[in-house]
Amino acid sequence: MLIKDIQNAEGKTVTIAGWVYNTRSSGKIRFILVRDGTGIVQCVFSQKDVSQQVFELADKLTQESSLYITGTVKKEDKAPGGFELVGQDIKLIQMTENYPISPKEHGTDFLMGHRHLWLRSRRQNAIIIIRSQLIKAMRDFFDNQGFILVDTPILTPAAVEGTTTLFEVEYFGEKTYLTQSGQLYNEPDAAAFNKVYCFGPTFRAEKSKTRRHLTEFWMIEPEVAFADLNDIIILAEDFISYIVERVLSKCQEQLKVIERDISKLEKITAPFPRITYTEAIEQLKKAGKPVKWGDDFGADEETVLSNLYEKPLVIHRYPAECKAFYMKRDQDDDKLALGADILAPEGYGEIVGGGQREDDLKTLEKRIQEYKLPKQAFEWYLDVRRYGTFPHSGFGLGVERTLAWICSLPHVRETIPYPRMLEKVYP
RNA sequence: UCCAGCGUAGCUCAAUGGUGGAGCAUCCGGCUGUUAACCGGAGGGUUGCAAGUUCGAGUCUUGCCGCUGGAGCCA
């Protein structure tokens with residue numbers, strides 16, 4: 001029986017299988033906390049109630065020893081969780097020796113080096129369960145709205161956005177790169193399926209060493225045919241509201257374990273505050289930041305801006321120079337790109353980037369030239385504009401940054417089971 | 001790549017330039033309801049590496065290595 005179901009088995013004799021989480025004792029009584037990945041339950045062994053053999057075994061159990069325990073489920077207010085197992089028998093699988101992670105505090109380097117074991121701990125367990133629910137909510141949102149999941153390749157022939165550093169992979173004697181976005185493939189896919197999304201890992205070989213960066217992270221990217229910037233902002237707002245609400249309703253227990261202040265998440269409902277880049281610059285100046293029109297925002301600026309609001313903040317119409325070549329320009333002001341970023345509250349920074357795509361062949365060819373990109377690598381992409389071009393928009397949302405915000409974590413590395421960071425690929 | 005801080009027991013941390021300690025973990029013992037249980041005892045060290053200053057270096061200096069945070073870049 002799974003530990004999470006034990007509250008429904010009061011009075012019954014059951015067998016659980018799991019690992020020793022911690023042990024406590026007093027005189028002739030032993031308390032064994034057992035976890036099985038679905039929950040933790042306290043098992044009690046009294047010397048007067050069990051055989052000497054079983055009691056001695058209970059006395060010797062070490063942290064993370066694997067075993068089966070048979071006992072009777074009893075409601076007990078003194079037990080963590082309100083129920084305990086009055087133990088009758090123990091079948092030991094393995095007596096663990098010298099488990100490295102003790103119940104006391106540890107540093108991040110040590111814990112990251114033992115990430116495969118750290119995941120057994122209560123808090124890490126809760127975070128990864130929330131991740132699982134979050135991803136399911138993301139997929140459900142798009143699936144329910146008639147989007148088609150169209151996977152985009154991980155090995156790509158050229159840079160999607162040209163500038164950023166890519167991981168190079170030798171591909172039968174040719175150079176290929178790990179994808180940094182499914183974006184370019186989403187666009188022809190939207191012409192084939194109308195509303196599409198891709199979801200998968202993306203890679204950036206940037207030498208970034210901050211709480212917001214991983215070299216391998218997961219992104220979900222919708223692309224919608226015949227949608228303009230406004231349409232896609234509304235989609236993003238609905239999307240974020242939906243996934244936050246879903247985590248709130250499905251992960252109450254896990255949010256409690258990580259001690260998240262859920263009142264802040266309950267405020268996340270569409271629509272979100274929406275300002276232009278130019279207004280953002282004015283607000284930053286008012287806050288005393290030395291910025292000028294044309295600057296891209298750094299982490300510091302993002303934090304100042306997002307702290308002005310309780311909900312995620314939509315910033316749209318950035319200077320075109322700051323943005324990718326495929327962004328459509330604002331017809332009212334050619335210096336502006338029809339793009340929008342969404343900053344998470346509480347200083348978590350950018351979680352969404354997206355916008356309307358340039359759909360005119362001549363203009364896009366000109367941009368490719370201006371950005372000094374190899375045109376021949378983009379011929380297939382230009383075909384989207386050659387054969388029945390259409391207005392379309394999309395965005396990408398970073399799973400780990402979103403999860404870090406939802407869980408109120410100080411660093412994205414805890415939001416993914418095995419984080420890949422600058423010079424860190426073990427375990 | 002640059003800037004800052006840190007590196008002492010398996011882990012988390014103390015130690016004025018003058019005999020390297022504590023808590024947890026481990027092992028032994030005690031306690032019949034423990035809550036990161038508690039109480040008593042034991043074992044556990046090339047103080048990241050190399051050189052230098054000094055009568056004497058965990059402590060000061062230089063270099064290297066590693067870690068952490070930040071910047072730039074980005075989701």
Side-chain angles (χ1 to χ4, degrees), chain A residues 21-33 40 42-50 55 58-60 62-64 74 76-82 84 86 96-114 117-118 121-123 160-161 163-166 179-183 201-221 295-303 322-324 341-344 348-354 395-405 410-413 415-416 421-424:
Chain A
Y21 188 73
N22 200 3
T23 63
R24 292 188 275 264
S25 71
S26 178
K28 303 285 179 271
I29 190 164
R30 298 289 177 269
F31 300 93
I32 315 297
L33 270 77
I40 296 179
Q42 173 171 283
C43 304
V44 189
F45 293 89
S46 299
Q47 193 170 35
K48 67 174 167 47
D49 294 334
V50 297
F55 189 79
D59 187 54
K60 286 201 172 70
T62 55
Q63 200 189 350
E64 291 303 320
K74 183 185 157 197
E76 173 57 71
D77 291 338
K78 277 178 282 190
E84 68 182 14
V86 181
T96 290
E97 282 175 38
N98 298 318
Y99 186 69
I101 302 178
S102 68
K104 285 278 177 174
E105 288 166 25
H106 301 279
T108 28
D109 182 41
F110 176 80
L111 289 170
M112 275 303 166
H114 295 84
L117 302 177
W118 191 21
S121 79
R122 222 169 171 168
R123 195 180 157 77
V160 170
E161 291 169 28
T163 51
T164 28
T165 334
L166 299 173
T179 182
Q180 57 179 329
S181 166
Q183 147 85 49
T202 49
F203 307 86
R204 309 266 164 108
E206 292 153 5
K207 304 227 168 183
S208 298
K209 249 188 98 174
T210 79
R211 69 182 73 196
R212 301 177 308 282
H213 286 90
L214 298 168
T215 53
E216 176 182 309
F217 65 97
W218 289 66
M219 225 176 9
I220 191 157
E221 297 172 273
D295 290 347
D296 206 352
F297 300 139
D300 202 27
E301 285 78 25
E302 285 186 355
T303 302
C322 303
K323 293 293 173 184
D341 287 353
I342 301 183
L343 308 185
Y348 277 91
E350 185 181 347
I351 52 171
V352 163
F395 66 83
L397 175 137
V399 172
E400 287 76 19
R401 281 192 187 173
T402 303
L403 188 58
W405 158 54
H411 200 298
V412 289
R413 64 187 156 212
T415 63
I416 187 165
M421 296 180 294
L422 190 58
E423 289 163 14
K424 241 194 170 101

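Naming convention: chains lettered A, B, ... in sequence-line order (proteins, then strands); numbering from 1 in each chain. Model, not experiment: these values are computed from the prediction.
- At the heavy-atom level, A/Glu400 lies nowhere under 4.0 Å from the strands shown.
- Minimum atom distance to the side chain of A/Leu214 is reached by B/A75, of the listed B/A75, B/G72, B/U32.
- Nearest heavy atom pair, residue A/Leu403 against residue A/Thr415, reads CD2-O, 3.4 Å.
- The interatomic distance linking A/Arg211 (CZ) with B/A75 (P) rounds to 19 Å, in whole Å.
- Residues A/Val44 and A/Val412 each lie close to RNA chain B; by heavy-atom proximity, the contact nearer the 5' end of the strand is made by A/Val44.
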What does the B/S/- profile of nucleotides 3-11 of chain B look like, 5' to 3', with a 4.0 Å heavy-atom cutoff to protein? --------S
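- Comparing B/G63 with B/A36, their P atoms are spaced 47 Å from each other, to the whole Å.
- Residue A/Lys78 places its side chain closer to B/G33 than to any other of B/C27, B/A75, B/G33.
- One C1' atom belongs to B/G33, the other to B/C38, and the distance between them is 13 Å to the nearest Å.
- Here the side chain of A/Arg24 is nearest to one of B/C67, B/G33, B/U34, namely B/U34.
- Although no hydrogens or angles enter the test, the distance criterion places a donor-acceptor pair under 3.5 Å between the side chain of A/Thr210 and the main chain of A/Arg212.
- A/Glu216 comes within contact range of no nucleotide atom at all, as no heavy-atom separation falls under 4.0 Å.
- Rounding to the nearest 0.5 Å gives a distance of 7.0 Å between CD of A/Glu350 and CG of A/Leu343.
- Remark: A/Arg413 is not in phosphate contact with B/C67, judged by side-chain N or O atoms under 4.0 Å from OP1 or OP2.
- Contact annotation for A/Asp296: backbone-only contact, meaning every heavy-atom pair under 4.0 Å involves sugar-phosphate atoms and none involves a base.
- B/G18 and B/C60 are spaced 15 Å apart, taking the C1' atom of each and rounding to whole Å.
- Between A/Arg413 and A/Thr108, the shortest heavy-atom contact is NH2-CG2, 3.2 Å.
- Which of B/A75, B/C74, B/U68 sits closest to the side chain of A/Asp109 comes down to B/U68.
- Taking 3.5 Å as the limit, the base of B/C74 and the side chain of A/Ser208 contain no donor-acceptor pair of atoms between them.
- Contacts of A/Glu76 with the nucleic acid, taken as non-hydrogen atoms under 4.0 Å apart, include base atoms.
- Atoms CD (A/Gln63) and C1' (B/A25) sit 8 Å apart, rounded to a whole Å.
- Only the C1' atoms considered, B/G21 is 47 Å distant from B/A75, to the nearest whole Å.
- As rounded to whole Å, 12 Å separates atom C1' of B/C67 from atom NE2 of A/His411.
- With hydrogens and angles ignored, the 3.5 Å screen pairs no side-chain donor or acceptor of A/Glu216 with any backbone N or O of A/Pro201.
- Comparing the same atom, P, in B/C67 and in B/U54 gives a spacing of 35 Å after rounding to whole Å.
- The two residues A/Val412 and A/Ala404 make their nearest non-hydrogen contact at CG1-CB, 4.0 Å.
- Minimum atom distance to the side chain of A/Lys207 is reached by B/U1, of the listed B/U1, B/C67, B/C73.
- Relative ring orientation between A/His114 and A/Phe110 is described as tilted, the plane-to-plane angle lying within the 30° to 60° band.
- A/Glu97 contributes no side-chain N or O that forms a donor-acceptor pair with the base of B/U26 under 3.5 Å.
- Comparing the same atom, P, in B/U19 and in B/G58 gives a spacing of 10 Å after rounding to whole Å.
- Under the 3.5 Å distance criterion, the side-chain polar atoms of A/Thr96 are left unmatched by any main-chain donor or acceptor of A/Thr62.
- The distance between atom CG of A/Asn98 and atom P of B/C24, rounded to the nearest whole Å, is 17 Å.
- Applying the side chain to side chain contact (heavy atoms under 4.5 Å, CB included) test to A/Glu221 and every residue at least two apart in sequence or in another chain returns A/Ser181, A/Gln183, A/Asn186, A/Cys198, A/Met219.
- Partners of A/Asp296 under the side chain to side chain contact (heavy atoms under 4.5 Å, CB included) rule, at least two apart in sequence or in another chain, are A/Tyr318, A/Cys322.
- A/Phe55 pairs by the side chain to side chain contact (heavy atoms under 4.5 Å, CB included) definition with A/Arg30, A/Gln47, A/Val50, not counting sequence neighbours.
- Stem regions for RNA chain B, each three or more consecutive Watson-Crick or G-U pairs with both distances under 3.5 Å and listed by first number, read B:1-7 with B:65-71, B:10-13 with B:21-24, B:26-30 with B:38-42, B:48-52 with B:60-64.
- Distances from the side chain of A/Ser26 to the nucleotides B/A75, B/G70, B/C31 place B/C31 closest.
- Rounded to an integer number of Å, the gap from A/Phe297 CZ to B/G72 C1' is 17 Å.
- Taking atom P on both B/U16 and B/C39, the two are 27 Å apart, rounded to the nearest angstrom.
- Atoms CE (A/Met421) and C1' (B/C74) sit 17 Å apart, rounded to a whole Å.
- With rounding to whole Å, A/Phe55 atom CZ is found 10 Å from B/U32 atom P.
- Legend: residues meeting side chain to side chain contact (heavy atoms under 4.5 Å, CB included) with A/Ile29, ordered by chain and number and at least two apart, are A/Ser26, A/Phe31, A/Val44, A/Ser46.
- When distances are taken from the side chain of A/Phe31 to each of B/U34, B/G72, B/A75, the shortest belongs to B/U34.
- Take the nearest nucleotide of RNA chain B for A/Val352 and for A/Gln47: the residue whose nucleotide is more 5' is A/Gln47.
- Counting to the nearest Å, the P atom of B/C38 and the CG atom of A/Asn22 are 10 Å from each other.
- Contacts of A/Leu397 with the nucleic acid, taken as non-hydrogen atoms under 4.0 Å apart, are absent.
- Contacts of A/Ser25 with the nucleic acid, taken as non-hydrogen atoms under 4.0 Å apart, include base atoms.
- Across all their heavy atoms, A/Ile101 and A/Gln63 have their closest contact at O-NE2, 3.0 Å.
- Nucleotides B/U46 and B/C64 are separated by 26 Å at their P atoms, to the nearest Å.
- Looking at heavy-atom distances under 4.0 Å, A/His114 makes no contact with the nucleic acid at all.
- At least one side-chain nitrogen or oxygen of A/Lys28 sits closer than 4.0 Å to the OP1 or OP2 atom of B/C31.
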